[in-house]
Protein chains: 2
Amino acid sequence: MLDRKPVDRRRQVLEAAARSFETFGYKATTMDQVAKLAGVGKGTIYTFFDNKEELFGEIMSGMIRQLRDMADRTVNPELPFVDNLMEVLHRILDYREQHALAAKLSQEVRDIGTPMAKEGLVTLERAVVAYIARHVKEAAERGEIRPCDPELTAYVMLKTYLALSSESPHLHRPLGKEEVLDYFRTYWLEGLAPR
Amino acid sequence: MLDRKPVDRRRQVLEAAARSFETFGYKATTMDQVAKLAGVGKGTIYTFFDNKEELFGEIMSGMIRQLRDMADRTVNPELPFVDNLMEVLHRILDYREQHALAAKLSQEVRDIGTPMAKEGLVTLERAVVAYIARHVKEAAERGEIRPCDPELTAYVMLKTYLALSSESPHLHRPLGKEEVLDYFRTYWLEGLAPR
DNA sequence: GAATTGACCGAAATAACAATTTGGTCAGTC
DNA sequence: GACTGACCAAATTGTTATTTCGGTCAATTC
């Protein structure tokens, strides 16, 4: 016999919390709300999670896992490193804009600066950098790119990509996906030194 | 005869305002305060400047002019483009951290997010990008670097430099001046493609 | 009569206080 | 012993009173 309960309350709570966080954000999600949505007494939540912060953390790691899986699925080992990188970054950005939770957290940080929401996005960024770093390291080991500090390189790559693709539309016109790829390739692979 | 008044009230106001803005920030600087410091009636300020915003703008352009002059003085036409660029960026960052007004505005934005202070810093960043862009353009014309969109390149260069030198100390250890120069040269001049 | 001033005004910020909400607990129920 | 929801202190929000500040302009000075 499986030791599964007649109703899996932990899952109920988790799903209700996910829905609430992505609909209302961190701050506006109340534990009463989650309990109601999960059809569970408030106390029950605290038998699974120590506090609101931990519950939120659980949702976040779920999202990050989901994002990593998606990224893994888009990587094609046949293709060159930069092409994979650009595709992954592109999808991640799309994801970040489209995924309800990430979008809501961004908005919450902009609008009211909830510290926990900020922290969540930092965690997300860290995960992205770590993911890129892994691929940079592998590409360097394969000799596809020159040796370099993977973490630092990944971080600067992400910043470059963001600068090119989305950031500060005040400072330059928005670029198309192809243009971003071109510039990224020029800057990062070939360098500006005249051939 | 010069048409200089016995006392140059405009200069008095400008100097008092500069001192006040860099000591107290934008928001905490009051027009009464400036008038007192300048030893001038409040109404007098309004004979020279339409409003507080314009007075602030005048101070800002003064600072930007001063910064550009400093940058021009550090550029050595004998040296390669990247070396000049790094030295200029380094000095500008130093300047931004040390110049009382810029530092105060950064703090004000962090602490209370005064919109006018934010706008002032954006203006400053725009000026920096424009300055770099000019040098990128010239370097490209000299054939020292390959042709590229000067504005966009300047913008991404600034972002790279900031990512390497100061930003988010959470995500990677702070780098020394030499390390920053090395990485910048690797990323921007040589590229990551294996030789 | 041109330049200068500072008392004055309304709008906006801030402080002070009251009312409500919320994360978390735990005695009691099933 | 899994589960609940009334309960509590602390934090947040709503409200009102008070102060501050950018800007004006009639009065004053030179």
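Proteins come first, then strands; the chains are lettered A, B, ... in the order of their sequence lines, and each starts at number 1.
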(message) Would you say that B:Phe81 contacts B:Val136 through its side chain, given a criterion of any heavy-atom pair below 4.5 Å between the two side chains?
(response) yes
(message) In this structure, how many angstroms lie between the C1' atom of C:dT22 and the CD1 atom of A:Ile45, rounded?
(response) 12 Å
(request) Check whether any side-chain heavy atom of A:Leu124 sits under 4.5 Å from a side-chain heavy atom of A:Leu67, and report yes or no. (result) yes
(message) When you measure from the centre of the six-membered ring of A:Tyr95, is the NZ or CZ of A:Arg91 closer than 6.0 Å and no more than 45° off the axis?
(response) no
Distances for protein N or O near nucleotides 22-24 of chain D N or O, under 3.5 Å:
{"from": "D:dG22", "atom 1": "OP1", "to": "B:Thr29", "atom 2": "O", "distance (Å)": "3.1"}
{"from": "D:dG22", "atom 1": "OP1", "to": "B:Lys52", "atom 2": "NZ", "distance (Å)": "2.8"}
{"from": "D:dG22", "atom 1": "OP2", "to": "B:Met31", "atom 2": "N", "distance (Å)": "2.7"}
{"from": "D:dG22", "atom 1": "N7", "to": "B:Lys42", "atom 2": "NZ", "distance (Å)": "3.4"}
{"from": "D:dG23", "atom 1": "OP2", "to": "B:Tyr46", "atom 2": "OH", "distance (Å)": "3.2"}
{"from": "D:dG23", "atom 1": "OP2", "to": "B:Lys52", "atom 2": "N", "distance (Å)": "2.8"}
{"from": "D:dG23", "atom 1": "N7", "to": "B:Lys42", "atom 2": "NZ", "distance (Å)": "3.0"}
{"from": "D:dG23", "atom 1": "O6", "to": "B:Lys42", "atom 2": "NZ", "distance (Å)": "2.1"}

(request) Could you tell me how the ring of B:Tyr131 sits relative to the ring of B:His135: parallel (under 30°), tilted (30 to 60°) or perpendicular (over 60°)? (result) tilted
(request) May I ask you to evaluate whether B:Arg9 reaches the phosphate of C:dA3, defined as a side-chain N or O under 4.0 Å from OP1 or OP2? (result) no
(request) Write down the distance between CD1 (B:Ile112) and P (C:dA12), rounded to a whole number of angstrom. (result) 18 Å
(request) Would you mind reading off the distance between A:Phe48 atom CZ and C:dT25 atom C1', rounded to a whole angstrom? (result) 17 Å
(message) Taking 4.0 Å as the cut-off, does a side-chain nitrogen or oxygen of A:Thr44 come that near to OP1 or OP2 on D:dC3?
(response) no
(message) What is the distance, to the nearest angstrom, from the CE atom on A:Met116 to the C1' atom on D:dT12?
(response) 18 Å
(request) Return the orientation label for the A:Phe21 and A:Tyr26 ring planes: parallel under 30°, perpendicular over 60°, tilted otherwise. (result) parallel
(request) Mind calculating the distance between NZ (B:Lys36) and P (D:dC21) to the nearest angstrom? (result) 11 Å
(request) Kindly give the heavy-atom pair with the smallest separation between B:Ala35 and B:Ile45, and that separation in Å. (result) N-CD1, 3.8 Å
